[in-house]
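For reference, the structure discussed in these notes is given below.
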Amino acid sequence: MWRCFVETAHCTAPNKTLLYSYWKKGSNELISVLTYIHNHRLYDYLGQSAVWTITNNHDAGGVYDHSRDSLSKQLIDTICAVTHRPKPDYYTITEQNEIPGQVAYTAKTMKIVAQFNLALRGSAILTLGVFDEKEHMIETIFERKRFEKGMHRFEANFNAEAYGAGKFSIRLMDTERVLQEKKVVAVE
């Protein structure tokens, strides 16, 4: 379990028998985030990622665990509230390394998660896909699927690792136009 939260991202993962000490008091932002981590017992990579938003100025969108969607979003809301940063448009899942003695963080984007909310006034045929910089659809989440009137939530889980670094667009479209679009970036 990760418990050394104020380490910087370029440091190595801690050894199991590592003893901890306090060097100095953190900022009010860091203390608020650490309090949230403590209260929710997030002594793992999610908590560590949250700390790196303060200590290393990492993007809040990287503080995300798909299996703990709601908790991740609450933690991101806390980070954005104390740092006055905007909420992210999408979430990134990066390579994790918890092997003692090795570099703990690499920025390599493994997956990108983007969520869309759409109220339909009537039935519609929709497509949700990922496009590269040349405007080619490289991944299809769903294509030409009928949805009925009402509120709908859509999620795109984009396997960015398969395409490497680059800029992509995740688009929710009807048969005539783009309804919503999120521009995303994957890094190596």
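Atom set for the values below is all heavy atoms of this structure, side chains included, hydrogens, waters and symmetry mates excluded.
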Original post:
Are V130 and V178 co-members of a hydrophobic cluster defined by side-chain heavy atoms under 4.5 Å apart?
Top reply: no
Subject >> Beyond-backbone contact of R144 with L126, side-chain heavy atoms, under 4.5 angstrom >> reply: no
Subject >> D44 vs R68, salt bridge (Lys or Arg N to Asp or Glu O under 4.0 Å): CA-CA, chis, key distance, verdict >> reply: CA-CA 12 Å; D44 60 4; R68 298 181 283 179; 2.7 Å; yes
Original post:
Is there a path from L71 to L75 through hydrophobic residues (I, L, V, M, F, W, Y) whose side chains come within less than 4.5 Å of each other?
Top reply: yes
Original post:
Does a donor on one side chain sit under 3.5 Å from an acceptor on the other, for Q115 and R153?
Top reply: yes
Original post:
Should K167 and E133 count as an ion pair when the cut-off is N to O under 4.0 Å?
Top reply: no
Original post:
In terms of ring plane angle, is the pair H40 and Y36 parallel, tilted or perpendicular, where the classes change at 30° and 60°?
Top reply: parallel
Original post:
Parallel, tilted or perpendicular: which describes the rings of Y163 and F158, with under 30° parallel and over 60° perpendicular?
Top reply: parallel
**OP:** Mind running side chain to side chain contact (heavy atoms under 4.5 Å, CB included) on D59 and T53 for me, showing each step along the way?
**Re:** CA-CA 6 Å; D59 183 59; T53 63; over 6 Å; no
Original post:
Hey, quick one: are F168 and V185 part of the same hydrophobic cluster, counting side-chain heavy atoms closer than 4.5 Å, chains of contacts allowed?
Top reply: yes
Original post:
Is it the case that one hydrophobic cluster holds both L128 and F147, taking links as side-chain heavy atoms less than 4.5 Å apart, direct or via other members?
Top reply: yes
**OP:** Evaluate the criterion side chain to side chain contact (heavy atoms under 4.5 Å, CB included) for residue pair T94 and Y45; output intermediate values, then yes/no.
**Re:** CA-CA 11 Å; T94 57; Y45 201 82; 3.9 Å; yes
Original post:
Between H84 and E29, does any side-chain donor sit less than 3.5 Å from a side-chain acceptor?
Top reply: no
Subject >> Same cluster (ILVMFWY, side-chain, under 4.5 Å), I138 and I141 >> reply: yes
Subject >> Non-hydrogen side-chain atoms of E139 and N159 separated by less than 4.5 Å >> reply: yes
Original post:
Taking side chain as C-beta onward, heavy atoms only, is T109 less than 4.5 Å from I93?
Top reply: no
Subject >> Side chains of L46 and S72 in contact at under 4.5 Å (non-hydrogen atoms) >> reply: yes
Original post:
If you measure from the Lys or Arg side-chain nitrogens to the Asp or Glu carboxylate oxygens, is any gap between K73 and D77 under 4.0 Å?
Top reply: no
Subject >> Presence of salt bridge, K111 and E95, under 4.0 angstrom >> reply: no
Original post:
Taking side chain as C-beta onward, heavy atoms only, is H136 less than 4.5 Å from F131?
Top reply: no
Original post:
Do E181 and K183 sit within salt-bridge range, that is, some charged N less than 4.0 Å from a carboxylate O?
Top reply: yes
**OP:** State, yes or no, whether a side-chain contact exists between N57 and R85 at a heavy-atom distance under 4.5 Å.
**Re:** yes
Subject >> The single option from N157, V184, I76, D65 passing side-chain contact (heavy atoms from CB on, under 4.5 Å) against Y91 >> reply: I76
Original post:
Any donor-acceptor pair under 3.5 Å linking the side chain of S27 with the backbone of L30?
Top reply: yes
